[in-house]
Number of protein chains: 2
Amino acid sequence: MTRRQPSAALRADDLTAKARIRNAALDLFAAHGAEATSLRAVAAAAGVTVGLVVHHYGTKEALREAVELAIVEQFAQTIASVPLGTCPPGQVTAARDRAVAAMLSANQAIVDYLRRAILDGSAGRVDLVSRLSQLSAQQVHDLREAGVASTKHTVGEQVVTIMVRQLGRLFLQPLVDRITDEFADDTGASMRPQLVVDVNH
Amino acid sequence: MTRRQPSAALRADDLTAKARIRNAALDLFAAHGAEATSLRAVAAAAGVTVGLVVHHYGTKEALREAVELAIVEQFAQTIASVPLGTCPPGQVTAARDRAVAAMLSANQAIVDYLRRAILDGSAGRVDLVSRLSQLSAQQVHDLREAGVASTKHTVGEQVVTIMVRQLGRLFLQPLVDRITDEFADDTGASMRPQLVVDVNH
DNA sequence: CGCCTGTTTGTACAGTTGTATAGCATCTAG
DNA sequence: CTAGATGCTATACAACTGTACAAACAGGCG
């Protein structure tokens, strides 16, 4: 049995081949979609052969699940990196939001993969959105038990707020940027419009 | 040469095979993505054989272009269905927005296809988002010439506002709905939160 | 009638896909 | 040292992909 790395970073340069495969898969799945990415492309990007990919993950679907699990794990670690006691009780949520935002802006592939996952809505398989929702729900639950989250709204409403506000901007901003670029010659001053995404409960 | 239908509706039940193929392709491309849809699946959905698809459109890429052109055409017709003179000058934009919203909510496949097109951002080919942007730009231009659109903002800003406000909600609402459903048992009252998408110029 | 133009089918082909399996190299436990 | 497990490669295979092409079929017109 190989020694497990204690808590493998999602991004590193010298990594076990299994992790390199998973990272390459994340990149390619995010860039072109999982269905449009061949195992051979993943293998080539990871610098290995197809056989090794299937040896480690067995199935393309299993590889996808491993990728999604790694994403969820990254979210969980990011949230856990801002424990309850580090800042004034009222600002724990804001601090965690900032941590997640920083993590996402450093991992564009995760953002792209999430965008596809949310867009696809392919039913039938265990859902990445569900797992992230439950992660958020757990967070809300913990914050409530610690008495630092309001109980005026339902858990569902708070989860929606967290995920939509966090992800909505990231998903829609590319559209805004592209249209802005399209009309860039229209005006000399090119200040990017900023998106506002929110929910009315 | 076949007689062109004067302005073929995108949805009709008895249609030329060429149009049936295009409609089936739109449905399948919207549902599973163009790359994940085989020409044979399109042919089967249209009730024809692969050969006919290739005969009419030559190439899968050409079929995709035909689908996108049909979408743009649908937008153009919808906008043109509310001419400048039909309502008080200040409300022509709002009326057109409503018409487009109605068209989109009646053609879920177009919404789904657009979502994928915006998400993909696959460079290299002529862009659907570009074409729609230019359609919006033309509309803004016409409205300005008629003196019913403010010139305080740039054309680019107005196009961004139109497209993001129209499409943003449609794209993000599925996420909201899914999370809401996930926590549906949390509360008896299940009123759907409504999204607010806007841009700060 | 035959001819012509366009629609539709059927089949074929090379390339790619996911998956399976056999083999080689490396390491560690006994 | 041997035995076995593990990381990894190479090759094979059936299914499916986009594309090509020939033949059958239809209707309009001389």
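Below, read A as the first sequence line, B as the second, and so on, with proteins coming before strands; counting in each chain starts at 1. Hydrogens, waters and symmetry mates play no part in the numbers below; they use all other heavy atoms, side chains included.
- The residues B/D112 and B/R115 are annotated as salt-bridged, a charged nitrogen and a carboxylate oxygen being separated by less than 4.0 angstrom.
- Nucleic acid contact class of A/V50 (heavy atoms, under 4.0 Å, all strands): base.
- Here the side chain of A/H56 is nearest to one of C/dT19, D/dG7, C/dC13, namely D/dG7.
- As rounded to whole Å, 13 Å separates atom P of C/dT17 from atom NE2 of A/H32.
- Across all strands, B/T49 comes closer than 4.0 Å to base atoms (heavy-atom distances).
- Nearest to the side chain of B/L52, among C/dT9, C/dT19, D/dG18, sits C/dT9.
- Residues B/V53 and A/L39 each lie close to DNA chain C; by heavy-atom proximity, the contact nearer the 5' end of the strand is made by B/V53.
- Summarising the geometry of B/Q74 relative to B/I110, their closest heavy-atom pair is CG-CD1, 4.0 Å, with the distance given to 0.1 Å.
- Between the NZ atom of B/K60 and the C1' atom of C/dT16 there is a distance of 13 Å, rounded to whole Å.
- The shortest distance between side-chain heavy atoms of B/T151 and B/R144 falls below 4.5 Å.
- Here D/dG18 is the nucleotide among D/dG18, C/dG18, C/dT8 with the atom lying nearest to any side-chain atom of B/R40.
- Each of A/G51 and A/A41 was matched to the nucleotide of DNA chain C holding its nearest heavy atom; the match closer to the 5' end belongs to A/A41.
- In this structure, the CG atom of B/L63 is 14 Å from the C1' atom of D/dT19, given to the nearest Å.
- The shortest distance between the side-chain N/O atoms of B/T59 and the OP1/OP2 oxygens of D/dG18 is not below 4.0 Å.
- Look at CD on B/E35: it is 13 Å from C1' on C/dT16, rounded to the nearest Å.
- Distance check: A/N200 CG to A/E157 CD gives 11.0 Å after rounding to the nearest 0.5 Å.
- Atom CZ in A/R20 sits roughly 11 Å away from atom C1' in D/dG7 (whole-Å rounding).
- Within 4.0 Å of B/H55, counting heavy atoms only, lies at least one base atom of the nucleic acid.
- Residues A/L143 and A/Q158 have side chains not in contact (no heavy-atom distance under 4.5 Å, counting atoms from C-beta outward).
- The interatomic distance linking A/R22 (CZ) with D/dG7 (P) rounds to 15 Å, in whole Å.
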